[in-house]
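Scroll down for the structure; my scribbles are underneath it.
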Amino acid sequence: MLNPLSVENARTLRAFFEQTGYNETTLRKHLGAAELPSAHLRNRARLLDRTSAPTPLNTLLRWFWLGLPQERDSAAQHIPAAELALMLQAGLLAADDGMLAPRAMLLHFDGFLVASDHPTAIEARQAEMVLWPNPTSKFLARFAVKRRSRATLDLGTGSGILSLGAAAYSDTVVATDLNQRAVACAQFNARLNAVENVEVLAGDCFAPVQGRTFDLILSNPPFFITPQADYLFCDNPMELDSLCRRLVKEGPAYLNEGGYMQMLCEWAQIKDQPWEERVAEWLIDTGCDAWVMKGVTQDPEEYAQHRIRETSTDTSGDNARYAEYMGYYRHRGVEAIHSGVLVMRRRSGQNFVRIEEVPPTPTGNLGEMILSTFAAHDLLRENSTDENLLLLAPRLADHARLEQICRPVNGQWQAEKLNLRLTTGFAFHVALQPLVADFLVAFDGTRTVAAAIQQFAAKAGAPIAKVQPECLSMVRKLVERGFLVGV
Ligand SMILES: C[S@@+](CC[C@H](N)C(=O)[O-])C[C@H]1O[C@@H](n2cnc3c(N)ncnc32)[C@H](O)[C@@H]1O
């Protein structure tokens, strides 16, 4: 396990890594695509070749990137004795028979140097492996609502990666994990990065924070839906998706009014159920507004194959493992497995629950997008009558764009389709008629919905009473999706 260093020693070690060039920019340059060593990618030979020159940086790379032991004597030629001693004291290295072997991987994320286990821990089947900064952690970090939080909880902290980021906008962060090795690792990383407002606690789900409440809860829990629970970091040990359900059911009690809980999750779709049914049940009577953004869907066959590939490198047991997975899904009637981001906001009153499939690869500031989406629902709720909505003067979002698709007809471009599209956040789009496009561009933040409808009715040569219901329904939909915003 890693041992947190003193503030002074942590600073010395961090500075040493920086001076040696073990930083994000140099690593990218030095290692090309800077991909992690992986049996699956078969890139070990290339990375070994890249790091073959005997230099201080290559010594560090071979330990903390490639996960390779090195002879103590040759390492000592490149690493000063004081820093070597600190690495041993921290548990980053272990001495064995003239060799120094790495006990952690060190990656950069958002300006932090983050220790975790190396992916080879999967090959070694270490149940208590601590996950490295990976695409799921980074994805959730992008969604985090980064406004001031009096107290933030990072449930299932692993390396502490989400806590390190949250510490910048939180008065205090509590990071929890069931895995003692993760607890030590998160403590180590907070110290290594001179982050002082993170408290790390061990325990199951919300047990370590009984009686406390938070403005923000972040969780990237072990959500894999698999028949076994081999690894703490990824395998949900409960029936199907029940761990995620449990967090959704229990989480609201730990939120302050107006506080957000944001988590990644997977849920099963059972035979004859609509895809959203299970996750909708989780969200009944939580006292929270909720937005579920469904991403990738996989059928059980694809899912089993991916999960087996991600959690084992030894192919000899593949047939038996695949049969076990498929038996588990078939027995329970699982027809699909969905993944997504789930956001809840505790609010007294009648809550909304929005569950939808979203376009892939969102861009821009996703925390802002979450806040503005919940604000849009508030605006609609506060102006739920037609009379109130008619008095609003919304404006088109700055990142809304109108696209025209044309096709060639007799040597001319003929307009075929108009699409209103968002260029940041989720790339939602909606097809428009030209008259409707004119109706929308009138929304500049000064004209009321009533005035815009009047103008539209006059242009269309239709009575207001006839067009108004459809126009209002369109305004509601476009506010909800973020095309129109309140001023
Ligand atoms: C997918 S990893 C995420 C780690 C880190 N937050 C990240 O995003 O990289 C899930 C973490 O949840 C922890 N965990 C698993 N079961 C738990 C439980 N019942 N209560 C608290 N933490 C748990 C695991 O040990 C692991 O560190």
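Just so you know, ligand 1 is whichever comes first in the structure, and atom 1 is the first atom listed for that ligand.
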Per salt bridge (charged side-chain N to carboxylate O under 4.0 Å, His left out), Asp230 is matched among Arg307, Arg321, Arg125 by Arg125
Separation between CZ (Arg354) and CH2 (Trp291), nearest 0.5 Å, reads 5.0 Å
Crowding at CZ, Arg150 (>12 non-hydrogen neighbours, <6.0 Å): no
Which atoms of ligand 1 have any heavy atom of Ile161 under 4.0 Å away? 7 (C), 9 (O)
Please state whether Cys234 comes within less than 4.0 angstrom of ligand 1, counting heavy atoms only. no
Could an N or O of ligand 1 be found under 3.5 Å from any N or O of Ser137, whether backbone or side chain? yes
Winner among Ala202, Gly158, Gly156, Ala207 once heavy atoms are compared against atom 6 (N) of ligand 1: Gly156
In ligand 1, the atoms that come under 4.0 Å of a heavy atom of Gly203 are 20 (N), 21 (C)
Centroid-centroid under 6.0 Å between Tyr260 and Phe374 rings: yes
Spell out, as yes or no, whether a donor-acceptor pair under 3.5 Å connects the side chain of Asn179 to the backbone of Arg181. yes
Using a 4.0 Å cut-off to any heavy atom of Asn179, which atoms of ligand 1 qualify? 25 (O)
Select one of side chain, backbone, both or neither to describe which atoms of Asp177 lie under 4.0 Å from any atom of ligand 1, heavy atoms only. both
Would Asp204 count as being in polar contact with ligand 1, using the rule that some N or O on each side must be under 3.5 angstrom apart? yes
Does the ring centre of Phe16 sit less than 6.0 Å away from the ring centre of Tyr22? no
Protein heavy atom at shortest distance from atom 20 (N) of ligand 1: Cys205 N, 2.8 Å
Shortest protein heavy-atom distance from atom 1 (C) of ligand 1, along with the residue and atom involved: Phe233 O, 2.9 Å
Using a distance-only test with no angle check, is there a side-chain donor-acceptor pair under 3.5 angstrom linking Thr136 and Asn220? yes
Examine Pro221 against ligand 1 and note whether any of their N/O atoms are separated by less than 3.5 Å. no
Check the pair Ser219, Leu247 against side chain to side chain contact (heavy atoms under 4.5 Å, CB included), reporting the backbone distance first and the verdict last. CA-CA 9 Å; Ser219 187; Leu247 296 179; 4.0 Å; yes
Closest protein heavy atom (residue, atom, distance) for atom 16 (N) of ligand 1: Pro222 CG, 3.7 Å
Test side-chain hydrogen bond (donor to acceptor under 3.5 Å, both in side chains) on Gln210 and Tyr254; report intermediate values, then the result. CA-CA 8 Å; Gln210 289 290 319; Tyr254 299 88; 3.0 Å; yes
Where is the nearest protein heavy atom to atom 17 (C) of ligand 1: which residue, which atom, and how far? Leu178 CB, 3.7 Å
Which residues share a side chain to side chain contact (heavy atoms under 4.5 Å, CB included) with Ala85, sequence neighbours left out: none
Would you say ligand 1 has an N or O under 3.5 Å from any N or O of Asn220? yes
Would you kindly specify which portion of Thr157 sits under 4.0 Å from ligand 1, judged on non-hydrogen atoms: side chain, backbone, both or neither? backbone
